[in-house]
Amino acid sequence: RSLFHKPGRWHVLAAAAISLGQILQFVALTFTSVTAVAIIGSIEMFFAAWLAAFVFKTEPRPGAAFILASLLAFAGVALLALSRMGP
């Protein structure tokens with residue numbers, strides 16, 4: 001029942017931010033490869049989880065498996081960025 005009430009300003013702000021992010025992903029496709037956009041876009045999940053755990057404190061601290069996955073994802077994005085820089 002509560003799902004159908006009038007959304008608050010935070011709901012509207014979150015919806016606008018998500019929409020803007022999706023639009024910017026399509027814009028990014030004009031400047032780089034699909035692979036690069038997909039890899040960088042996948043980092044969003046890790047970023048959101050760390051924000052929720054440590055900044056907003058709405059989720060429990062991530063466990064060891066999540067920390068390892070975050071580090072591997074970060075390393076992948078770093079390698080992608082470094083390979084794009086060229087010699």
Side-chain angles (χ1 to χ4, degrees):
R1 197 174 196 185
S2 66
L3 291 175
F4 299 108
H5 68 79
K6 185 177 177 182
R9 68 176 179 210
W10 289 110
H11 294 115
V12 173
L13 181 63
I18 290 169
S19 295
L20 180 62
Q22 289 176 336
I23 291 167
L24 290 175
Q25 278 190 319
F26 284 113
V27 171
L29 287 171
T30 63
F31 297 104
T32 190
S33 68
V34 173
T35 304
V37 173
I39 290 172
I40 293 169
S42 69
I43 296 300
E44 173 192 6
M45 186 263 315
F46 293 105
F47 184 70
W50 286 105
L51 275 177
F54 292 103
V55 175
F56 301 117
K57 305 214 186 291
T58 57
E59 298 293 327
R61 292 178 61 120
F66 190 85
I67 292 170
L68 178 62
S70 296
L71 290 172
L72 289 172
F74 176 77
V77 170
L79 286 172
L80 179 66
L82 291 173
S83 71
R84 297 268 178 206
M85 291 174 63

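Note that the structure is a prediction, hence the values are computed from the model and not measured.
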Sorted by chain and number, sequence neighbours left out, side-chain contact (heavy atoms from CB on, under 4.5 Å) with A52 holds for T58, E59

Among residues two or more places apart or on two chains, list those pairs meeting ring pair (Phe, Tyr, Trp, His ring centres under 6.0 Å) that have a residue in residues 62-82. F46-F66, W50-F66

Tell me which pairs pass side-chain hydrogen bond (donor to acceptor under 3.5 Å, both in side chains) where either residue lies in residues 13-30, with sequence neighbours left out. none

Residue pairs meeting side-chain hydrogen bond (donor to acceptor under 3.5 Å, both in side chains), one or both in residues 7-18, sequence neighbours left out, come to none

Tell me who clusters with I18, hydrophobic residues only, linked when side chains sit under 4.5 Å apart either directly or through other members. none

side-chain contact (heavy atoms from CB on, under 4.5 Å) partners of F47, counting only residues at least two apart: L51

How far apart are the closest heavy atoms of A53 and P60, and which atoms are they? CB-O, 3.7 Å

Can you list the other members of the hydrophobic cluster that holds L68, where links are side-chain heavy atoms under 4.5 angstrom apart? L72

For V37, what are the other residues in its hydrophobic cluster, where any two members join if their side-chain heavy atoms are less than 4.5 angstrom apart? F26, L29, V34

